[in-house]
There are 2 protein chains.
Amino acid sequence: MARGSTRPTSRDVAQAAGVSQAAVSLVLGDKWRGRVSEPTAQRVRDAASELGYRPNLAARNLRLGRTRTVLLVVPALTTEFFAEVYTGAARVAAEHGFGVVLYPSPEGVGPARDPFASAQAALDGVIASSMAADALSAIRGDQLPLVMLDSDPEGSLGAATVNLDIADGIRQVAEHLLALGHRSFLHLAADIPSWTFEVRARELATRLTGVPGTELRTIRAPISIEGALRATEAALAAPGPRPTALVCDDDKLAAGAYKAIRRAGLRVPDDLSVTGLDDLGLATAIDPELTTVRLDAEAFGERGMRALLAVLEGRPPEKGDLPVSLVVRGSTAPPR
Amino acid sequence: MARGSTRPTSRDVAQAAGVSQAAVSLVLGDKWRGRVSEPTAQRVRDAASELGYRPNLAARNLRLGRTRTVLLVVPALTTEFFAEVYTGAARVAAEHGFGVVLYPSPEGVGPARDPFASAQAALDGVIASSMAADALSAIRGDQLPLVMLDSDPEGSLGAATVNLDIADGIRQVAEHLLALGHRSFLHLAADIPSWTFEVRARELATRLTGVPGTELRTIRAPISIEGALRATEAALAAPGPRPTALVCDDDKLAAGAYKAIRRAGLRVPDDLSVTGLDDLGLATAIDPELTTVRLDAEAFGERGMRALLAVLEGRPPEKGDLPVSLVVRGSTAPPR
DNA sequence: CGACGGACGTTATACGTAACACTTGCTGGA
DNA sequence: TCCAGCAAGTGTTACGTATAACGTCCGTCG
């Protein structure tokens, strides 16, 4: 590991302190109450810090048969959303002496690499976003304890799931737009096959079917500004009456839509109301600021980690979806 | 690890294939040319996949004394920039059989947690952004091979450095703005103590001092839309002649500045030209699209990983800074 | 006065893997 | 005929740690 000399081991510490290796392990592992005298323990601690001793984690992991390391599989790191999920998960993990390793699954539909080859660390369990579709089959192959983020509770075959209440978010969006008087909707959907996006489509359709005179069209785009720009441009150029409200599957799509709307010579929200979903920093960077659904990504990560800890300890994980809330800003207004 | 039964070991595979554990290790380690016959090797491979054998990485790491795992220390994951750095580093790492583990240092000036507590995996080396100032002292304490990203080549005490040619980027920005006719500049600087930001300030000052009649003022803000908004608002409200060009340390700051400029009733670029640095997705999401300096974050990550591999193998790392390029968009124009 | 138990440690072992050193059977050349 | 040499493996060990099981010394109690 180190350059010239090899790193000190617990045996080196033992020798320096004049005790056995076992005593070092006891003292440094904090299991010495009544087994080692205080002066001796102090000698061990001094020797350890003197030598700059750090336990060899590979050896410890081997001995204990567990690693206190967990893998977080995310679709791709191009959005700050999963950065915050990571932050939340890592905080809870640290409180329990665990570490979190990230595996960003390759973008697009590339060949599914082995997620565990990238995370060389041995693992106690896995938290996986259902959006990281490529990696899922490989993950299911392993018998590791698994928590799924935003995945169909029915279809997850026993794996614990932690979900944001996206359906409720879409309900709030729909009610907000209906209350403003909108009746002609365009849904800009993400073209990733994932349960969480199916929920958006289903819930939006459900909420509108009850209301007379409503109309809903759907277009799909990859989750990128460029992709959303092109899809929206095409939709706006299509013949027929223009919709008055554009519901986007996430904020990034909304940002792309803004550009298409500007290029078409139209204005948000005067000609077209737009909503997003995520409430990323992007939502307030664009003009007008975006009406969107606020997801608490950090809480999502925390809940995911807690669920995994529960599974590891044989406890049942918390039930219930995480609440979300509509944030009304300047991108929605009554139709003209 | 697994729920009920324990995972199969190489010994289990050996028994199933009717060979010794050593033979399994040879076959699966691909070191069997001339040592094990093809039929036997095939029997071993079949038994391994039959049992779903996966080597215990903790044991392997212990035995080999190296982990093929590397730590990437980044300031915080709130921007896609380091996501791309990670992508590049992970790709190169994978090509060499290495894995990359991420350590996002806590935001702000919180107490420096131990980066290695979070990355429970044992490590062969570290790549660290100089912006992750909190974690640096802890990192230097370990004797691990280290590569610094965007750090002072002089002040890094022997650690290898990989740098983007930020100075050249700022030169291009300055020349672009001077050529447009600007003479009164405002520098919106990041208030993070990091060499890479010092370079921006120094280079900008240098480029302007040669030109007669120029004026440069500097304000500082935390790297967030909100922070930039407030700092810019204050600067625009200050008495005296208004600058005609606003040079921002990165794109996020520029996005915040846009908002302040709009609130002041001014327009980009008519009243004020704005430049950024990074070329994130954000740069084209805002209106008008941002003139900025394109940094190839993925190449940065790749180069960082290659440098670390070189250090690990005792080779000298590549020299030379990575080139950057000015991307001129709609946020810069001649002053009125 | 013998036994007993607490305080303070030590010895020995196992975790799963990779690699070195060694064995065995066979072939071919002198 | 005999031995070198090779193919095809096997036996054994060490990596560094945590912990179960075992000693030893001494004070105390019945």
Side-chain angles (χ1 to χ4, degrees), chain A residues 1-2 5-45 47-48 51-69 97 120-124, chain B residues 1-2 5-45 47-48 51-69 97 120-124:
Chain A
M1 306 244 186
S5 59
T6 174
R7 280 168 72 135
T9 73
S10 62
R11 214 176 308 268
D12 297 329
V13 175
Q15 189 164 4
V19 296
S20 71
Q21 178 267 330
V24 173
S25 182
L26 289 173
V27 171
L28 269 41
D30 227 36
K31 304 214 175 290
W32 57 284
R33 8 188 173 238
R35 320 247 296 121
V36 176
S37 69
E38 174 53 36
T40 306
Q42 193 54 49
R43 250 184 18 253
V44 169
R45 283 188 291 258
L51 296 177
Y53 169 72
R54 278 180 176 283
N56 180 320
L57 297 176
R60 171 178 294 173
N61 292 343
L62 174 58
R63 171 66 230 243
L64 295 179
R66 78 200 132 86
T67 60
R68 303 204 147 246
T69 298
Q120 294 277 337
L123 303 171
D124 284 352
Chain B
M1 306 241 184
S5 59
T6 174
R7 279 167 72 134
T9 72
S10 62
R11 213 175 308 268
D12 297 328
V13 175
Q15 189 163 3
V19 295
S20 71
Q21 179 267 330
V24 173
S25 182
L26 288 174
V27 172
L28 268 42
D30 228 36
K31 304 217 175 287
W32 57 284
R33 8 189 173 236
R35 321 248 297 121
V36 176
S37 69
E38 174 52 38
T40 306
Q42 194 53 52
R43 252 187 13 256
V44 169
R45 282 190 291 259
L51 295 177
Y53 168 73
R54 278 179 176 283
N56 180 319
L57 297 178
R60 170 179 294 173
N61 291 343
L62 174 59
R63 173 65 234 241
L64 295 179
R66 78 203 130 87
T67 59
R68 302 205 149 245
T69 298
Q120 295 275 337
L123 304 170
D124 284 351

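Labels below follow one simple rule: chain letters A, B, ... track the order of the sequence lines, proteins then strands, and each chain is numbered from 1.
By the side chain to side chain contact (heavy atoms under 4.5 Å, CB included) test, B:Leu51 pairs with B:Pro8, B:Asp12, B:Val13, B:Ala16, sequence neighbours left out. Applying the salt bridge (Lys or Arg N to Asp or Glu O under 4.0 Å) test to B:Arg45 and every residue at least two apart in sequence or in another chain returns B:Glu38. Qualifying side chain to side chain donor-acceptor pair (under 3.5 Å) partners for A:Thr9, counting only residues two or more places apart in sequence or in other chains: none. B:Ser20 is linked by a side chain to side chain donor-acceptor pair (under 3.5 Å) to nothing, counting only residues two or more places apart in sequence or in another chain. For B:Thr40, the side chain to side chain donor-acceptor pair (under 3.5 Å) partners are B:Ser37, not counting sequence neighbours.
With B:Arg11 contributing its side chain and B:Gln21 its backbone, the two residues share no donor-acceptor pair below 3.5 Å.
Taking 4.0 Å as the cutoff to heavy atoms of chain A, we find the contact window on DNA chain C bounded by C:dC8 to C:dG16.
Backbone-only contact: B:Leu64 has heavy atoms under 4.0 Å from sugar-phosphate atoms and none from a base. As judged by a 4.0 angstrom heavy-atom cut-off over every strand, B:Thr9 is placed among residues touching the sugar-phosphate backbone only.
In this structure, the CD atom of A:Gln15 is 14 Å from the P atom of D:dG16, given to the nearest Å. Distance CG (B:Asn61) to C1' (D:dC15): 11 Å, rounded to an integer number of Å. Between the CG atom of B:Leu62 and the C1' atom of D:dC15 there is a distance of 4 Å, given to the nearest Å. If you take CG of A:Asp12 and C1' of D:dT17, they are 13 Å apart, rounded to a whole angstrom.
Over its full length, the helix from C:dC1-D:dG30 to C:dA30-D:dT1 turns its helical axis through 70°, comparing axes from the five pairs at each end and rounding to 10°.
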Without placing hydrogens or testing angles, list every side-chain donor-acceptor pair under 3.5 Å for residues 26-33 of chain A, not counting sequence neighbours.
residue: A:Arg33; atom: NH2; partner: A:Asp30; partner atom: O; Å: 2.5

How does each nucleotide of nucleotides 7-13 of chain D score, in 5' to 3' order, for protein heavy atoms under 4.0 Å: base (B), sugar-phosphate only (S), or none (-)?
-> -BBBBB-

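Between A:Ser10 and D:dT17 there is a side-chain polar atom (N or O) within less than 4.0 angstrom of OP1 or OP2.
Here the shortest heavy-atom pairing between B:Arg43 and B:Val19 reads NH2-CG1, 3.7 Å.
Between atom CG of residue A:Leu57 and atom OG1 of residue B:Thr67 there is a gap of 10.0 Å, rounded to the nearest 0.5 Å.
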